[in-house]
Amino acid sequence: MDKRIKVSIVMLTYNHEKYIRQAINSILMQKTSFIYEIVVGDDCSKDCTPEILNEYKTKYPEIFNLVLRKKNIGVTRNLYDVCMKCRGEYIAFLEGDDYWTTTDKLQKQVDFLENHTDYSGVAHDYLMKDNSGKEYSHRKSNGEYTKKEFALGLLPGQTGTMCMRNFLHDGVDDYKIIENASPNIGDRTLVLLMLVHGKVYSFSEKMSVYRVFSSESSWSKSLGKGATTKNPQYEDMCYYKALTQYSGKVWGIKISALSNKSYCVYAAIARYRLTKTKQDKEVLLKTVKAYDESYILLIGCCIYLFLRNVIIKRK
């Protein structure tokens, strides 16, 4: 850790040439009383993203630390490697196709953590932007985020809203859970790590934009009769189990992922009912077998999800 650097900003990029300038400029516009670095992990982009990154590196050599990969290694391996290269006291996150919207976002989050040593991380509310460029509010984030919200499947904010203490070099753990739990999902892993290290707070202010590139719901793509996507429910269940088992085994802290695990079972049932394929039946059986939370609560969650889906269809 370099005491001169207060914050390391992790940025993961892959074919982000259309958006990367806006993302980087939203960092450079931050008005801070401290020194920060931007650590970028480009996962072998095929477009001009690396060239754009090198432009910024040339212009701001003291700020940028570029990791330009010659071979694609995947989302969470990239995330873990970049995080371990961070030298700051705090780590903030911003993906290459999202952007921050206020000039004091970083200062506000660091000030909070400096003044509240029992908190390990902070987040904030955000806007979502769809394919047409329309912005809309996702939900309101406000106040303390706890294990209860985690169990309910909620997050304190999207990845680009998070800022946490850099505990990755504390010698207690190697933190490879970041890349080992899932090859593609990292946000919930980061939140779990914040929870085992302290409290988490979420500001109500909307200070970033998260791009959503598909208007078609994941439900219709993965659960409909014409489903063409891979059935991910068993893999997702294994991911949530890996997180909860890790928190208990390594940190001695029991954290539930009841809602997420229950959804995996419900979604596996719903898909098999529609497709009746042997493959989806096998996924369903493996998913149910892997479930390790309360079965009474599972039944309650499935009833809730079923009724919610019925209401949505009727609207």
Side-chain angles (χ1 to χ4, degrees), residues 10-16 39-47 49-50 66-86 91 93-98 150 153 155 157-160 162 164 168 173-196 210-214 216-219 221-223 227-251 255 257 259-265 267-268 271 279-280 282-284 286-287 289-292:
V10 167
M11 176 174 282
L12 305 186
T13 62
Y14 180 71
N15 293 345
H16 287 155
V39 188
V40 185
D42 182 76
D43 204 13
C44 194
S45 290
K46 305 303 181 183
D47 61 6
T49 301
L66 302 184
V67 182
L68 306 179
R69 307 191 191 283
K70 302 300 182 183
K71 182 180 179 180
N72 186 281
I73 64 172
V75 176
T76 56
R77 284 187 63 192
N78 191 22
L79 174 62
Y80 176 74
D81 181 66
V82 173
C83 283
M84 297 308 290
K85 287 180 168 59
C86 291
I91 301 177
F93 301 87
L94 183 64
E95 295 180 1
D97 52 355
D98 301 328
F150 190 91
L155 292 174
Q158 183 266 342
T159 306
M162 298 178 191
M164 68 181 195
L168 300 178
D173 185 45
D174 59 13
Y175 296 100
K176 279 189 171 291
I177 186 69
I178 294 173
E179 66 169 299
N180 291 339
S182 167
N184 302 310
I185 309 173
D187 55 354
R188 200 165 295 272
T189 310
L190 295 174
V191 173
L192 180 107
L193 289 174
M194 286 189 277
L195 283 174
V196 299
Y210 167 52
R211 295 186 193 272
V212 181
F213 291 101
S214 175
E216 184 181 7
S217 71
S218 58
W219 179 271
K221 287 191 293 184
S222 63
L223 298 181
T228 56
T229 60
K230 178 184 177 182
N231 190 335
Q233 304 312 325
Y234 176 67
E235 286 81 2
D236 288 352
M237 178 69 81
C238 291
Y239 169 61
Y240 300 126
K241 283 189 66 175
L243 294 186
T244 55
Q245 290 175 355
Y246 167 82
S247 67
K249 181 178 179 180
V250 178
W251 299 98
I255 297 180
S259 182
N260 293 110
K261 292 177 182 177
S262 297
Y263 177 80
C264 289
V265 173
R271 173 150 169 166
Q279 180 180 5
D280 284 336
E282 291 175 351
V283 170
L284 169 58
K286 289 197 300 181
T287 303
K289 185 177 181 180
Y291 181 82
D292 61 352

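When a residue number appears, it is its place in the shown sequence, counting from 1.
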Within 6.0 angstrom of Q245 CD, more than 12 heavy atoms from elsewhere | yes
Could you tell me whether the side chain of D173 reaches within less than 4.5 Å of the side chain of Y246, counting heavy atoms only?
-> yes
Please report the closest heavy-atom contact between I178 and L168, naming both atoms and the distance.
-> CD1-CD2, 4.3 Å
Minimum heavy-atom separation for C86 to V39, with atom names?
-> SG-CG2, 4.3 Å
Value for OG1 (T49) from CG (D47), rounded to nearest 0.5 Å, stands at 3.5 Å
Is a side-chain N or O of N78 found less than 3.5 angstrom from the main chain of G41, in a donor-acceptor match?
-> yes
Checking side-chain contact (heavy atoms from CB on, under 4.5 Å) for the pair Y14/N72: CA distance, chi angles, key distance, verdict?
-> CA-CA 9 Å; Y14 180 71; N72 186 281; 3.7 Å; yes
Inspect the contact between R77 and D81 and indicate whether a charged nitrogen and a carboxylate oxygen are less than 4.0 angstrom apart.
-> no
Going through the checks in order, is the side-chain contact (heavy atoms from CB on, under 4.5 Å) test met by V82 and V40?
-> CA-CA 7 Å; V82 173; V40 185; over 6 Å; no
Mark yes or no for whether T76, through its side chain, and S182, through its backbone, hold a donor-acceptor pair below 3.5 Å.
-> yes
Can you check side-chain contact (heavy atoms from CB on, under 4.5 Å) on L79 and F93, steps first, answer last?
-> CA-CA 10 Å; L79 174 62; F93 301 87; 4.2 Å; yes
Check: N15 side chain, K46 main-chain N or O, donor-acceptor pair, under 3.5 Å | yes
Atom OH in Y80, atom CG in D174: separation rounded to 0.5 Å?
-> 5.0 Å
Nearest 0.5 Å please: distance from the CG atom of L243 over to the NZ atom of K261.
-> 8.5 Å
Drop me the distance from K70's NZ to D42's CG, to the nearest 0.5 angstrom.
-> 9.5 Å
Would a 4.5 Å heavy-atom cut-off, applied to side chains only, mark K241 and D292 as touching?
-> yes
Gap separating the OG1 atom of T13 from the CD atom of E95, nearest 0.5 angstrom = 10.5 Å
Can you find a heavy atom in the side chain of R271 that is under 4.5 Å from one in the side chain of V283?
-> no
All N/O donor-acceptor pairs, side-chain side in residues 183-193, below 3.5 Å, sequence neighbours left out:
from : atom 1 : to   : atom 2 : distance (Å)
R188 : NH1    : N260 : OD1    : 3.4
R188 : NH2    : G153 : O      : 3.2
T189 : OG1    : Y239 : OH     : 2.7

V10 side chain reached by I91 side chain, heavy atoms, under 4.5 Å | yes
Roughly how far, to the nearest 0.5 Å, is OH of Y291 from OG1 of T287?
-> 12.5 Å
Could you check if a side-chain atom of C264 sits within less than 4.5 angstrom of a side-chain atom of Q233, using non-hydrogen atoms only?
-> yes
Any side-chain heavy-atom pair from Y240 and S262 closer than 4.5 angstrom?
-> no
